[in-house]
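Have a look at the structure below, then the notes.
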Amino acid sequence: MKLAKIEKEMQRTREKIAELQNHLKGLDAQKTEQENLQIIQLVRSLRLSPQELKTFLQAAAEQPTPVPVMATGYTTEQEDSEDEE
């Protein structure tokens with residue numbers, strides 16, 4: 001009797017997990033869709049032709065990654081060297 005109760009609880013838990021996994025997949029799809037919409041809006045705001053966009057993206061990919069600038073106007077490298085002094 002106790003074993004049957006445990007097995008029943010296990011089955012309910014499995015069903016709940018499957019339900020939550022499906023919900024998570026749906027949320028993930030919604031998130032991806034929203035990210036895609038934001039990317040499309042950003043690209044359209046540039047008002048570039050497809051060829052201009054391609055050139056722009058290729059040029060951006062060839063550039064080294066810039067050092068982030070903090071709100072103070074200093075880069076993180078400048079702050080690190082100032083902290084060491």
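Computed from a prediction, not measured in an experiment: that's the story for all the values here.
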Distance-only donor-acceptor hits, side chain of residues 45-62, under 3.5 Å, sequence neighbours excluded:
| unit_1 | atom_1 | unit_2 | atom_2 | d |
| --- | --- | --- | --- | --- |
| Ser45 | OG | Leu42 | O | 2.6 |
| Ser49 | OG | Glu52 | N | 3.1 |
| Ser49 | OG | Glu52 | OE1 | 3.4 |
| Glu52 | OE1 | Ser49 | N | 2.8 |
| Thr55 | OG1 | Gln51 | O | 3.0 |

Identify every side-chain donor-acceptor pair in residues 18-39 under 3.5 Å, counting partners at least two apart or on other chains, and give the distances.
| unit_1 | atom_1 | unit_2 | atom_2 | d |
| --- | --- | --- | --- | --- |
| Asn22 | ND2 | Ala18 | O | 3.4 |
| Thr32 | OG1 | Asp28 | O | 3.0 |
| Asn36 | ND2 | Thr32 | O | 3.4 |

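Residue pairs that meet the side chain to side chain donor-acceptor pair (under 3.5 Å) test with at least one member in residues 4-17, sequence neighbours left out, are Glu9-Arg12, Gln11-Glu15.
Connectivity analysis of hydrophobic side chains (ILVMFWY, heavy atoms under 4.5 Å, direct or indirect) links Met10 to Ile6.
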